[in-house]
2 protein chains.
Amino acid sequence: METKAPKKKIQTMAELAREAGVSASTASRALRNSPLISKETIERVQSVAKEHSYRPHLGARNLRLKKNNVIVLILPFNYAEEDVLGNPYIFKIVGTIGSKLREIGYDLLLSQMDDISEEIDDRYVHAGIAEGAIILGRGDNDTAKLKRLEETGIPFVILGPILDNQTYCSVGIDNKSSGCMAVHHLAKLGRKRIAIVSDNREDPNAESYARFQGYKQALDELGYPFDPDLVGPSTHSGKSGYDAVQHLLKTAPDLDAIFVATSDVVAISVMQALRNAGKHVPDDVAIVGFDNIDMCNFVSPSLTSISQRLKDEVAHLLVEKLLDQINGKQVESVMLNGSLVVRRSCGSQTDYPLRV
Amino acid sequence: METKAPKKKIQTMAELAREAGVSASTASRALRNSPLISKETIERVQSVAKEHSYRPHLGARNLRLKKNNVIVLILPFNYAEEDVLGNPYIFKIVGTIGSKLREIGYDLLLSQMDDISEEIDDRYVHAGIAEGAIILGRGDNDTAKLKRLEETGIPFVILGPILDNQTYCSVGIDNKSSGCMAVHHLAKLGRKRIAIVSDNREDPNAESYARFQGYKQALDELGYPFDPDLVGPSTHSGKSGYDAVQHLLKTAPDLDAIFVATSDVVAISVMQALRNAGKHVPDDVAIVGFDNIDMCNFVSPSLTSISQRLKDEVAHLLVEKLLDQINGKQVESVMLNGSLVVRRSCGSQTDYPLRV
DNA sequence: TACGCCAATGCAATCGATTGCATTGCATAA
DNA sequence: TTATGCAATGCAATCGATTGCATTGGCGTA
């Protein structure tokens, strides 16, 4: 038998110190390889620590160092009710953020909150639980709340577009130009009656608002008239895509393309509704979705979509910007361009290679 | 103007106490409505606290109380590479667990780990960061690791089936009987050549193993012979469903049903592959998936699937069992029955009402 | 008046790791 | 021999909230 069997666990620095015949301060320094401590002592302490599988109590360390290596990730609840958690796009971002944080030694606390509010400060940052927050999404009425959050002075970043007069940091894609791109692509295919499915919020903060503006701008550039009959309302739930199609087929039965600005999940449901109504995709109606989730490759027909390049850039930037703030640096918001991934729902003839 | 504007924030108990003209101990007790403190003092302290928007430093409290109201949720990485995070089933569970925990005042730390190991203890529980762990999934080689984790004595529960000789607590569905149910349903539709798509691991710990056993048992009960040509290999990625169909159409071109035991995501990709191969679902081939994700309603044809009743029962039970352990109670593992949700991929004629 | 009791409050230790400021002891220079 | 320097280590305070045990003062009773 080796000395592999760990003896009874040493729980505290003091116990470790006693076992190694030194004081707690020396033990502490030894574990951290302080140059103040002699080589022999360092080795002895570390080997005793290993032998008894001692691990420091991070709670205590954090208190002393006023540090904690945790960031909190906020999923706004109003958003959640519309099934953020069922939205693979958000989930992927969460996972990627988690990996990035782990690489740099941070942990991730996941919190669903009714509102973006000072609670983030009270409950997490000021409370010494987390050092900053990443907020995934922003609702209609959040401007004032974000203002107050900003006044608390805690580090945070938000996933979303840059708004006018915004003084905090956000990372998002350019929804307007992305919407514009989708419509231009459909027009290039020869489509004349291009509908939009959107949750169509009036709030300029909303992503959907910017995508809708992009839709309008493209129509304008193309010389197409804007027709309210071509607007189908949706929420973020899958079912709402189905309902939007019922609506559109009444108000504009001659439509030949739909830009589903809400999400791919909704777009997939839109395609199903069209099929049930006897419409063929893409021959009768071409479809463009938003988010470019993996599933786009696996539905029939495969779904053309706008990629937010989420895995690498968005998650990476969110983390980077937040950490810069925590370390006292000034940061600027970022707006990324979306990109169009063309698949069968727009008439492309192949499904492979997969485009992810 | 009301006295609404909070004065400069009071950061510590000591400052609060000074401001209210009492000692720190009295202030602490007053905030917690201790019967030791007079009504007047309680009111005064609390109003001063409110006025200066004082919040306790939870890190300090946790250290003192040896408590932290955090549980850590482990996403095994080997699993993650196969895209757990793209799997809506897992994400939903994460969200539901988060909500449950929040209701009872706990926070959720999300951790992706390469391995289930003592690191959970070292880094989280022993370190005073979390009180226990919920582990989402278990791989082939985890038995020994779970044994060691158990020896650390930390509270944990795992999502998965109950294994022979298992001494820790798990919550999962009865994969074997679920697989059995799927096949019996397909047989009842008159299908004779029922294939299975599975990641087909030999490890009895694997969910897929149990589902495969269920498949075999059903064939047995039906008097159908087991035919290796009817087994299509897959991983958890969407693409693998596509590949499995290519394989099956060579080895068993006469198949008339597929039980996609891996997941709905794979099943959706299976359906696309069949369509591309000129096969009609359900007329030529009937399909049953596994997980019953929302998307089942929105693909064409809508997908029959086995529901793990995840939102309410599984997440709820995981949390409950873990908290019981934290509070020193004995707990027993649970095995839930799956249930079949029939949709068009098995010939059902309607998509509505949605079955979620 | 003296004593005891109890409600209300404060003091100081505690949780466990870290660190500024001594202190020790040994070696080298004056 | 005494002074000086420095490497190595220990003491005690600190982070902020909590709590066992003392202390205070006011009231009732003998």
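First the proteins, then the strands, lettered A, B, ... as listed; each starts at 1.
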Take atom [atom1] of [X] and atom [atom2] of [N], then tell me their distance rounded to the nearest Å.
X	N	atom1	atom2	answer
B:Asn62	C:dG16	CG	C1'	13 Å
A:Lys39	D:dT9	NZ	P	12 Å
A:Leu63	D:dA13	CG	P	17 Å
A:Arg44	D:dA8	CZ	P	13 Å
B:Ile42	C:dA8	CD1	P	9 Å
A:Asn68	D:dC15	CG	P	17 Å

Salt bridge (charged side-chain N to carboxylate O under 4.0 Å, His left out) contacts in which one or both residues fall within residues 147-157 of chain B, not counting sequence neighbours: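 Sorted result for residues 147-157 of chain B: B:Glu118-B:Arg148.
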Residue whose closest nucleotide on DNA chain C lies nearer the 5' end, B:Lys66 versus B:Pro35: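 The residue whose closest nucleotide sits nearer the 5' end is B:Pro35.
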NZ/NE/NH1/NH2 to OD/OE distance under 4.0 Å, A:Glu119 and B:Arg102: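 Yes.
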Worked check of side chain to side chain donor-acceptor pair (under 3.5 Å) between B:Ser99 and B:Thr96: CA-CA 5 Å; B:Ser99 302; B:Thr96 312; over 6 Å; no
Which residues share a side chain to side chain donor-acceptor pair (under 3.5 Å) with B:Tyr54, sequence neighbours left out: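 Once residues adjacent in sequence are excluded, B:Tyr54 has no partner under the side chain to side chain donor-acceptor pair (under 3.5 Å) criterion.
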Among A:Leu146, A:Asp121, A:Val72, side-chain contact (heavy atoms from CB on, under 4.5 Å) partner for A:Phe156: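 The passing option is A:Leu146.
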Side-chain N,O (A:Thr41) to OP1/OP2 (D:dT9) below 4.0 Å: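 For A:Thr41, the contact criterion (side-chain N or O under 4.0 Å from OP1 or OP2 of D:dT9) is met.
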Short side-chain to backbone donor-acceptor contact, A:Ser34 and A:Arg29, under 3.5 Å: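 Pair absent, no side-chain N/O of A:Ser34 close to backbone of A:Arg29.
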Nucleotide N/O of nucleotides 17-20 of chain C paired with protein N/O under 3.5 Å:
| residue | atom | partner | partner atom | Å |
| --- | --- | --- | --- | --- |
| C:dA17 | OP1 | A:Tyr54 | OH | 2.5 |
| C:dA17 | OP1 | A:His57 | N | 3.1 |
| C:dA17 | OP2 | A:Met13 | N | 2.2 |
| C:dT18 | OP1 | A:Arg32 | NE | 3.1 |
| C:dT18 | OP1 | A:Arg32 | NH2 | 3.0 |
| C:dT18 | OP1 | A:Arg61 | NE | 2.6 |
| C:dT18 | OP1 | A:Arg61 | NH2 | 3.1 |
| C:dT18 | OP2 | A:Ser28 | OG | 3.1 |
| C:dT18 | O2 | A:Arg64 | NH1 | 2.2 |
| C:dG20 | O6 | A:Arg29 | NH2 | 3.1 |

